[in-house]
Protein chains: 2
Amino acid sequence: MSSAAKTLELLTYFSTNWPEIGLSQLCKMAKRDKATTYRHLQALEETGLIEQNPMTKRYRLGPAILQLAQTREATVPRKLGVQAPLFELANATGETCHVTVLSGTTVYELASCDSPKHGTRAIIDIQTFPLHATASGLCTVAFGPETLMEVALSNLHPFTATTATTAQDLSATVQTIHNTGFGRADRSYENEVQGLSAPIYDQTGHLAGAVSVASVAARFTPELERVIQNELMIAARQISKNWGGTIPAHIEALWAKSLTSENVLETAS
Amino acid sequence: MSSAAKTLELLTYFSTNWPEIGLSQLCKMAKRDKATTYRHLQALEETGLIEQNPMTKRYRLGPAILQLAQTREATVPRKLGVQAPLFELANATGETCHVTVLSGTTVYELASCDSPKHGTRAIIDIQTFPLHATASGLCTVAFGPETLMEVALSNLHPFTATTATTAQDLSATVQTIHNTGFGRADRSYENEVQGLSAPIYDQTGHLAGAVSVASVAARFTPELERVIQNELMIAARQISKNWGGTIPAHIEALWAKSLTSENVLETAS
DNA sequence: GAACAATGGTTCAATATATGAACCGACAAT
DNA sequence: ATTGTCGGTTCATATATTGAACCATTGTTC
């Protein structure tokens with residue numbers, strides 16, 4: 001391991017849970033010598049990647065990070081961070097996949113990817129997703145800003161027989177999503193389409209969008225659902241990472257619970 | 001220079017103007033050996049601080065940057081408290097405004113805001129501000145830690161005819177700032193730019209940064225200067241408040257004196 | 001208030017690691 | 001076919017990294 005790599009590795013110990021780390025503490029975490037770690041920290045400090053809190057003498061991430069982030073954001077448009085995971089998702093599930101972004105109170109399509117696996121595909125060709133009827137929309141309502149619920153309620157257009165058309169229906173649907181961590185639309189937008197989605201987070205720590213799989217309802221089975229959920233988790237994590245965020249712990253917990261409870265059901269049957 | 005420092009230094013070559021850099025190109029810029037630079041880039045890539053564009057084979061800033069930035073902003077919310085006052089400042093003065101932060105002995109740009117008022121604008125595209133030549137830098141030297149003066153003296157690069165290039169010059173310039181409470185750079189960094197700045201404080205009670213207005217020298221008048229000083233005071237107070245600090249009484253006193261003495265001059269004339 | 005155990009920071013001999021000239025294969029232009 | 005790039009690799013040389021021991025402060029314990 002090169003000296004540079006060791007130095008850079010130190011950065012990974014800083015997190016929102018542990019934003020400031022003292023020299024000795026960091027030595028323990030990285031299992032390195034104090035002198036070595038100290039010199040590494042100095043190199044990082046020279047570049048402004050970390051700085052020392054003058055009060056506590058502990059180290060924290062520095063201002064240069066923000067400049068680099070600005071450049072990164074300008075350099076790499078968000079779309080680019082979505083392509084690869086979306087492609088993977090489409091291949092792994094054999095279904096059509098989407099990534100949507102939330103802007104204001106509207107859910108826009110950002111990117112989509114078809115899988116060549118099946119002859120029949122769910123083809124969704126819209127630019128904005130109805131909040132109350134699509135998996136992406138519902139997922140966004142469930143985990144996005146509070147105000148979205150009102151907006152959703154203001155337009156409960158009945159696309160299909162199962163579209164939520166009352167405040168109670170919508171509330172119940174969103175509640176389920178809150179409990180499972182996955183957005184879900186059971187033929188509620190198009191009759192033959194079963195949607196599943198997972199939230200995406202960015203560097204602000206707020207919900208930034210959703211990644212979703214639109215499955216042809218006729219071939220939707222519990223097994224496929226489990227596969228899709230699994231792949232959605234992977235995709236959501238990866239896209240969130242590419243966007244500079246992470247899946248919040250409470251969502252991860254929901255997912256873990258969803259999966260284990262399903263495993264229990266499966267082994268029980 | 002340590003290997004780690006050399007590695008980290010590579011990051012500074014990436015900017016919005018030059019977001020992707022090839023290996024050979026980067027070697028020329030950094031004046032280093034190709035093999036060395038290549039290994040350094042690999043170390044950076046392992047950590048995700050840079051990534052290689054698979055199409056062009058060139059390197060660009062990586063996704064890990066965004067996550068670090070998220071943590072940094074969560075740890076030390078600086079950008080958050082800056083946007084609104086900076087926008088106000090740009091609108092009120094009609095000039096390009098900056099906020100810089102001091103980390104160690106370096107003055108970093110944190111945010112900038114252009115005013116659409118004039119066709120000509122002062123465009124400053126640097127990541128670190130020279131201590132001896134810019135209003136922000138001088139203001140930071142004047143009100144920051146003592147040691148900054150030595151650092152400033154160690155690099156008196158003559159940007160323009162009016163740049164302070166001797167210890168006496170610099171000392172006199174800083175003395176003026178000590179007396180007025182405003183950083184000032186009369187075309188000392190760029191020929192057509194007149195800079196004014198005010199110090200910012202955080203919860204530690206020490207100087208944390210500076211807010212500055214870069215005015216096009218051709219339209220700089222005593223009236224505009226008074227307007228800018230007034231708006232700078234407002235912005236500096238607000239940003240300091242947002243950062244958990246307050247402008248120290250002695251600075252406020254200087255400002256009060258500056259303004260009244262100018263008023264006296266004005267009424268006398 | 002003396003002893004103790006943390007902390008951040010420094011030194012210097014031993015040695016593990018970084019270095020760069022030369023080289024390779026691929027590609028583009030002349 | 002030649003030449004000049006490019007990104008990437010090799011290996012002997014030597015330079016920069018390492019860590020045990022040390023120091024100075026600070027805060028805690030008895």
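Convention: sequence-line order gives letters A, B, ...; per-chain numbering from 1. All values derive from a computational prediction rather than experimental measurement.
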Between [X] and [N], is there a side-chain N or O to OP1/OP2 distance below 4.0 Å?
X	N	value
His40(B)	dA18(C)	no
Lys28(A)	dT7(C)	yes
Tyr59(A)	dG9(C)	yes
Tyr38(A)	dT10(C)	yes
Thr36(A)	dG19(D)	yes

Take the protein atom [atom1] of [X] and the nucleotide atom [atom2] of [N], then report the distance between them rounded to whole Å.
X	N	atom1	atom2	result
Lys31(B)	dG20(C)	NZ	P	15 Å
Lys57(A)	dT25(D)	NZ	P	12 Å
Leu41(A)	dT18(D)	CG	P	12 Å
Asp33(B)	dA14(D)	CG	P	16 Å
Leu23(B)	dT5(D)	CG	P	15 Å
Met29(B)	dC6(D)	CE	P	11 Å
Asn53(A)	dG8(C)	CG	C1'	14 Å
Ile21(B)	dC6(D)	CD1	P	14 Å

- Task: Just do the side chain to side chain contact (heavy atoms under 4.5 Å, CB included) check on Leu207(B) and Ile200(B) with the steps written out, would you?
- Result: CA-CA 6 Å; Leu207(B) 177 128; Ile200(B) 304 172; over 6 Å; no
- Task: With DNA chain C as reference, determine whether Ala35(A) or Arg58(A) sits nearer its 5' end, using the nearest nucleotide of each.
- Result: Arg58(A)
- Any idea how Trp255(B) and Phe182(B) line up, ring-wise: parallel (<30°), tilted (30 to 60°), or perpendicular (>60°)? parallel
- Message: Show, in sequence, the C-alpha distance, side-chain angles and deciding distance for Thr37(A) and Asp33(A), and conclude whether the side chain to side chain contact (heavy atoms under 4.5 Å, CB included) test is met.
- Response: CA-CA 6 Å; Thr37(A) 307; Asp33(A) 184 81; 5.7 Å; no
- Taking atom types as they are modelled, is there a donor-acceptor pair under 3.5 Å from the base of dG20(C) to the side chain of Lys34(B)? no
- Nucleic acid contacts of residues 45-52 of chain A, taken as heavy-atom distances under 4.0 Å to DNA chain C: Gln52(A)
State plainly whether the residues [X] and [Y] are in salt-bridge range, i.e. N to O under 4.0 Å.
X	Y	result
Glu73(B)	Arg78(B)	no
Glu9(A)	Arg32(A)	yes
Lys57(A)	Glu20(A)	no

- Item | Nearest-nucleotide 5' precedence on DNA chain D, Ser24(B) against Arg39(B) | Ser24(B)
- Item | Ring centres under 6.0 angstrom apart (Phe159(B), His157(B)) | yes
